[in-house]
Amino acid sequence: MPRWFYQLASPRWCYQITGRLLPGFAIAAVLLLMIGTVWGLAFAPPDYQQGNSFRIIYLHVPTAYMAQSIYLTMAIAGAIGLIWKMKVADMVAKSCAPIGAALAVLALATGAIWGKPTWGSWWVWDARLTSMLILLFLYLGVIALNSAIESESTAAQSTAVLALVGLVNIPIIKYSVDWWNTLHQPATFKVTEKPAMPPEMWIPLLIMVIGFYCFFAVVLMLRLRNEILRRERRTSWVRELLLQMRG
Amino acid sequence: MSAFQTKKLPELKPGFETEAFSPGKILLATLKRDVKLAFRRQSDWVNPLIFFLMVASLFPLGVSPEPKLLSTIAPGVVWVAALLSTLLSMDSLFRSDFEDGSLEQILVSPQPLYFVVLGKVLSHWMMTGLPLTLMAPLLGVMLFLPFEGMGGLVLSLLIGTPTLSLVGGIGAALTVGLRKGGVLVSLLVIPLYIPVLIFGTAAIEASLTGLPVAGHLALLGAMLVLGLTLAPLAIAAALRISVSG
Amino acid sequence: MSEPLLIVKNLFCERDDRVLFDQLSFDVSAGDVVQIEGQNGSGKTTLLRILGALSRHYEGDIYWKGTSIHDDSLTYRNDLLYLGHQPGVKAVLTPEENLRWFMALHPSLDVGQIRHALTEVGLRGFEDVPCHMLSAGQNRRVGLARLYLSQALLWILDEPFTAIDKQGVAAQEALLLAHAERGGAVILTTHHELNLGQFVRRVNLDKQVGTK
Amino acid sequence: MSFDSFSEFLAMGGHGLYVWSSYALGLAVMLGCVLSPILTRKRLITEQQRRLRREEETSS
């Protein structure tokens, strides 16, 4: 195992390094999200079929994408915590769940709002939306299990197992929902599947995705630092930190 | 010292236990024990069956008694009812063993947990999934499911319900140490049941329209194989974690 | 003397913000009867669960015959008999059926000994009575009958004498001694005053709490 | 710029309500995501400092 791996395992080191990284990521997130939003809202050309309502995808697609990759992050962190008994990994996994759930809700809500002008109804049992809904259910299960178990380490291990089971299931769920959708739905056009999206349309989308990654990093670090402080509250370094803060 | 009656114990033979152990034997023994337990506590397996019947009979009352409508929703209704009644019985899979200390005894024994768990899940299926499958045609008749659909109904349930027991077992194992595990198991497990539900109902619909059913059943079978190999591992890990807490 | 069987090194355990024990070290050799002492809540059961490889909420090392109990858990579990707080007796099964399940978990033991074991714990004539019809003490005895069947080297017993009457306790004490004499080892907790005198070694957890 | 005037920008070709409510919702959720851990941190620190003070008082 390389040295940084062990360092990462130390909550104290982790607290310090995230403290140093936070401002940079925060600035990057704000800048990228602002540029992406303004570009997407004001400068990107309107879609020839949907007009201007397509501009919602600059929010919908990145959040949907993030909700999935946060689940992956959570499961991997959980696995690391499970295998190497690494406390920090447990804390990362725990901090991921609420962020992922929030972004999944946002993806669903923007999907619904986008659906109204596009499909004429707030909710359509479209394959992507349905998969996202199930992903949200998976997140809710993880959060519910984590909050139901009192012992911190048991909660972390149990949720890691659940997250991994969910991870194995996600491709199966996705495949089955896609298949179910083609069976029951007349094909609707899908904006993201259109072959040629001009660069002035997808570049802002890319910027938004990177911006959301930075945003996720910021929130994750904020939550992680809280977790570290709470769990390490008895240690001498947290005590010193508290005394310093008191001034 | 003289107060004691002297005891005699057989000599210890070091390494005595390691010689004989076979996965098949312990699986069979677990199966036998759990089926015996279920037969002595009838409510454990009879109640989910009654629930199955009741849920299915709610739909004509809640939706409409019109045969045409009912026959279109029948595959979904039977499958959803089967899914819910499996969930209902899931919580008790490990709970009584956990509460009376039997689970600890299993964990400290030199048996591979994988096979004990597999035995428990299989016996659970034999006491819930199998009777559900056998009862399903009755529900099919109540919901005006055409006769052509019966084969698909029974076969899809036969292959699909073991997967429900296996996946549900993971939820049961994760929540066994908790006082109010019941609803939680459903929250954890329902999203994981969705693929089984989709392909199960699709198999019935295919057999209704005369399309080949084999493809759907093969997919259900693939999920069952995946479940048989991976779910006991997850259940075993979850049990160790839950008991440890 | 030969190598100790079980070596416990620098065990640390924390529960709900409370340190139960820290730097706890002791070892158990063949022929030892070790009693874990301590007030309620001092972590006796927790310690036994850790020693039984049921709980992993600890830091430190536990070695059985020289290897960590989690590295070679199968060997360890082969040599282990653990009786927890709950007797592990199914209420709807009869004593005999309960012991048969125990034999299924330990397949190399002799099933023919079940009747003998039940006689030894004073349950002759109750073999076919479902356990929920028996008293708490009798249920406990069903669990204890495993001691007569087992070939395990190490016995870990959590409050084995709960609900057992005086005569029963005396018989069990003699049994523990007999097991120690045949080269086994016993770790137990109990509120009873053991009449085993000089044979018992004591590990007190209360002293662990005050140390800072 | 794909819009000729600011009012057109606001109207979004008749879909203004949908687009703007989406982005407003997005802003709200994201602000919530950031604010909730910050508030938790504040509460955590005051709690722990209170505990420290209590421990100092009892030990002195």
Side-chain angles (χ1 to χ4, degrees), chain B residues 1-34 36-42 44 96-113 115-116 119 239-245, chain C residues 30 49 52-57 73-93 97-98 100-110 113 120 130 143 146-148 151-153 156 170-171 173-179 181-184 195-197 199:
Chain B
M1 266 312 290
S2 57
F4 292 134
Q5 55 189 110
T6 43
K7 284 270 173 190
K8 271 216 187 98
L9 281 172
E11 281 297 301
L12 283 177
K13 289 166 241 165
F16 179 73
E17 287 223 40
T18 28
E19 19 180 276
F21 122 79
S22 81
K25 248 189 202 163
I26 186 64
L27 197 139
L28 209 67
T30 316
L31 203 66
K32 263 196 206 153
R33 165 184 181 263
D34 272 44
K36 191 186 275 175
L37 282 173
F39 269 110
R40 302 241 170 120
R41 276 185 320 227
Q42 306 265 340
D44 268 19
S96 91
D97 277 348
F98 177 76
E99 278 165 1
D100 65 19
S102 304
L103 195 55
E104 281 183 349
Q105 288 300 319
I106 293 169
L107 291 183
V108 297
S109 80
Q111 295 295 336
L113 196 49
F115 294 100
V116 181
L239 280 179
R240 287 207 187 278
I241 294 166
S242 291
V243 169
S244 178
Chain C
R49 288 171 56 79
L54 282 169
S55 170
R56 296 199 69 164
H57 295 305
S73 66
L74 194 65
T75 309
Y76 183 53
R77 279 180 283 153
N78 259 319
D79 284 332
L80 175 68
L81 180 108
Y82 176 90
L83 272 187
H85 230 68
Q86 301 296 326
V89 172
K90 277 262 166 266
V92 291
L93 297 181
E97 286 166 337
N98 267 303
R100 274 184 187 278
W101 169 242
F102 175 73
M103 302 310 243
L105 289 175
H106 303 262
S108 49
L109 297 179
D110 181 11
Q113 291 293 307
E120 287 282 346
R146 295 186 189 121
L147 300 181
Y148 290 91
Q151 276 283 324
L153 209 48
I156 296 181
E173 284 178 345
L175 180 68
L176 298 187
L177 211 60
H179 179 62
E181 271 166 7
R182 69 170 171 176
N195 284 319
L196 296 174
F199 294 97

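The structure displayed is predicted, hence computed values, not measured ones.
Under the 4.5 Å side-chain criterion, counting only non-hydrogen atoms from C-beta, C:Pro107 is in contact with B:Gln111.
The salt bridge (Lys or Arg N to Asp or Glu O under 4.0 Å) check on C:Arg146 picks up nothing, with sequence neighbours excluded. Under the rule for a side chain to side chain donor-acceptor pair (under 3.5 Å), B:Arg240 has no partner lying at least two apart in sequence or in another chain.
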Item to complete: Given side-chain contact (heavy atoms from CB on, under 4.5 Å), test C:Arg56 with B:Ile241 step by step and report yes or no.
Response: CA-CA 9 Å; C:Arg56 296 199 69 164; B:Ile241 294 166; over 6 Å; no
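Of the atoms belonging to B:Lys36, it is side-chain heavy atoms, and not backbone ones, that fall under 4.5 Å from chain C. Contacts between C:Glu97 and chain B at a heavy-atom distance below 4.5 Å involve the side chain alone, from C-beta outward. Both the backbone and the side chain of C:Leu83 come within contact range of chain B, each with at least one heavy atom under 4.5 Å from a heavy atom of that chain. Residue C:Arg49 touches chain B through its side chain alone, counting heavy-atom pairs closer than 4.5 Å. Of the atoms belonging to C:Val89, it is backbone heavy atoms, and not side-chain ones, that fall under 4.5 Å from chain B. Of the two parts of B:Ile106, the backbone and the side chain both hold a non-hydrogen atom closer than 4.5 Å to a non-hydrogen atom of chain C. Of the two parts of C:Ala53, neither the backbone nor the side chain holds a non-hydrogen atom closer than 4.5 Å to a non-hydrogen atom of chain B.
Comparing C:His57, C:Arg100, C:His85 by how many heavy-atom pairs each has under 4.5 Å with chain B, the most go to C:His57.
When all heavy atoms of C:Val92 and B:Arg41 are compared, the pair lying nearest together is CG1-CG, 3.9 Å. Nearest approach of C:Gly183 to C:Leu153, heavy atoms of both residues: O-CD1, 3.7 Å.
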